[in-house]
Amino acid sequence: QVRLVESGGGSVQNGGSLRLSCIASGDRKRRQLMGWFRQAPGEGRIGVASIATGDSSTSYADSVKGRFTISRDNAENVIHLQMSSLKPEDTGVYYCAASAFNGRSASWTLGQDLYAVWGQGTQVTVSS
């Protein structure tokens, strides 16, 4: 069984920064690909970034490229999402997710159907 616990959300002004963290525990084979997803109010969940724990390959949604960085600390079983130059449209609940997919990150690994385990989410609010 895999468990994911997110932290680091909060409220910031337009242009600010936040760092989200996801502590993962449990079966490593079920969390070989890790992702961050955002769900804005009244909208569906979309993939923001993913990272493969094997080769550290990453993938980002076009809307966050150059502003967000996903990273991992295997020793600590933590996945981070560093968010800079935040915009009001980045507002939403951010979820950490785990997949058993054993391959490189790519644009298609931002699809939520690939992920079987989800955290409880952490709120990020960016005001203009």
Side-chain angles (χ1 to χ4, degrees):
Q1 187 174 359
V2 174
R3 184 168 182 250
L4 305 173
V5 179
E6 302 101 330
S7 63
S11 297
V12 296
Q13 296 283 333
N14 188 19
S17 298
L18 282 174
R19 189 191 198 205
L20 306 184
S21 297
C22 172
I23 299 175
S25 60
D27 189 352
R28 286 186 179 274
K29 290 185 178 179
R30 295 178 179 269
R31 48 185 175 96
Q32 297 185 79
L33 178 73
M34 300 294 295
W36 283 99
F37 291 76
R38 177 178 69 233
Q39 186 165 21
E43 298 183 11
R45 197 176 296 180
I46 63 169
V48 173
S50 68
I51 185 167
T53 57
D55 65 1
S56 295
S57 56
T58 58
S59 184
Y60 297 92
D62 288 344
S63 61
V64 306
K65 284 180 181 177
R67 301 188 298 121
F68 290 13
T69 302
I70 188 171
S71 62
R72 64 180 178 92
D73 181 343
N74 278 355
E76 299 294 332
N77 292 316
V78 181
I79 303 295
H80 300 289
L81 184 68
Q82 177 66 48
M83 306 185 294
S84 303
S85 301
L86 282 162
K87 305 174 181 180
E89 51 263 44
D90 295 319
T91 294
V93 178
Y94 282 71
Y95 296 91
C96 176
S99 169
F101 174 70
N102 181 20
R104 292 180 57 81
S105 278
S107 59
W108 66 273
T109 61
L110 297 178
Q112 61 176 322
D113 290 344
L114 191 61
Y115 297 81
V117 182
W118 295 82
Q120 82 287 352
T122 185
Q123 176 71 43
V124 171
T125 302
V126 185
S127 57
S128 58

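Listed by first and then second residue, the side chain to side chain donor-acceptor pair (under 3.5 Å) pairs that reach into residues 96-106 are Ser50-Ser105, Asp55-Arg104, sequence neighbours excluded. The side chain to side chain donor-acceptor pair (under 3.5 Å) pairs that include a residue from residues 32-47 are Arg38-Tyr94, where partners are two or more places apart or lie in different chains. Sorted by first and then second residue, the side chain to side chain donor-acceptor pair (under 3.5 Å) pairs with a member in residues 114-128 read Glu6-Gln120, Gln123-Thr125; sequence neighbours excluded.
Closest approach of Val78 and Ser21 over heavy atoms only: CG1-CB, 4.2 Å. A pairwise comparison of heavy atoms in Ser85 and Asp90 identifies O-OD2, 4.4 Å as the closest pair. Counting all heavy atoms, side chain and backbone alike, Ala49 lies closest to Tyr60 at CB-CD2, 3.7 Å. When all heavy atoms are compared, the tightest approach of Leu110 to Ala61 is CD1-N, 3.6 Å. Across all non-hydrogen atoms, the minimal contact from Leu81 to Val48 is CD2-CG1, 4.4 Å. Taking each heavy atom of Cys96 and Leu4 in turn, the nearest pair found is O-CD1, 3.6 Å.
Tracing side-chain contacts under 4.5 Å through hydrophobic residues (I, L, V, M, F, W, Y), one never reaches Leu33 starting from Ile70; they form parts of separate clusters. In this structure, Val64 is a member of the same hydrophobic cluster as Leu86, with clusters built from ILVMFWY side-chain heavy atoms closer than 4.5 Å. Follow the hydrophobic side-chain contacts under 4.5 Å out from Val12 and you reach Phe68 in the same cluster. Connection of Phe37 to Ile79 is not established within any shared hydrophobic cluster, with ILVMFWY side chains joined at heavy-atom distances below 4.5 Å, either directly or through further cluster members.
To the nearest 0.5 angstrom, Asp73 atom CG is 5.5 Å from His80 atom NE2. Within the model, atoms CD of Gln82 and OG of Ser17 stand 6.0 Å from one another, a figure rounded to the nearest 0.5 Å.
No side-chain donor-acceptor contact under 3.5 Å links Arg31 to the backbone of Ala98. Under a 3.5 Å cut-off, the side chain of Thr91 and the backbone N or O of Val126 do form a donor-acceptor pair.
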task: Step by step, work out the side-chain contact (heavy atoms from CB on, under 4.5 Å) result for Tyr95 and Leu20.
output: CA-CA 10 Å; Tyr95 296 91; Leu20 306 184; over 6 Å; no
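Between Lys65 and Asp62, at least one side-chain N (NZ, or NE/NH1/NH2) sits under 4.0 Å from a carboxylate O, which counts as a salt bridge.
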